[in-house]
Amino acid sequence: MTFQLPFLPLLFTALVFIAVYAGVVLPAVWSRKPARRHAAFRVLTQLLAALRRRRGR
């Protein structure tokens, strides 16, 4: 089974989304340590701000 070219960008996008979700969103919500929650929240805020700036172009 070979992957077709249109499928690869979708797979890459899904993998990036899962990595960001697991690495930033979940710690921001579920961590018991306030410092970790705050740091994850700051990273999430920066990522969302970058996406908003990019859409505004």
Side-chain angles (χ1 to χ4, degrees):
M1 180 175 163
T2 61
F3 293 112
Q4 296 176 352
L5 188 57
F7 179 71
L8 290 177
L10 179 63
L11 178 64
F12 180 72
T13 303
L15 289 175
V16 168
F17 175 78
I18 290 170
V20 169
Y21 186 76
V24 177
V25 177
L26 291 180
V29 176
W30 284 346
S31 179
R32 291 183 183 186
K33 297 181 180 180
R36 186 176 292 167
R37 280 196 316 261
H38 184 67
F41 178 74
R42 284 190 355 230
V43 170
L44 184 60
T45 302
Q46 291 174 353
L47 287 172
L48 292 175
L51 286 174
R52 286 185 190 128
R53 282 191 299 256
R54 191 170 185 183
R55 279 190 170 181
R57 289 184 182 179

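Note: the hydrophobic cluster containing V43 also contains W30 (ILVMFWY, side chain heavy atoms under 4.5 Å, direct or indirect links). By the criterion of side-chain heavy atoms lying less than 4.5 angstrom apart, applied directly or through intervening Ile, Leu, Val, Met, Phe, Trp or Tyr residues, V16 is grouped together with L26 in one hydrophobic cluster. Cluster membership check: L10 does not share its hydrophobic cluster with F17, using side-chain heavy-atom separations under 4.5 Å among Ile, Leu, Val, Met, Phe, Trp and Tyr. The cluster map of Ile, Leu, Val, Met, Phe, Trp and Tyr, joined by side-chain heavy atoms under 4.5 Å apart, puts Y21 and L48 in the same cluster.
The two atoms that bring S31 and R37 nearest to each other are O-NH1, 2.8 Å, heavy atoms only.
From R52, atom CZ reaches atom CG of L47 across 11.0 Å, with rounding to the nearest 0.5 Å.
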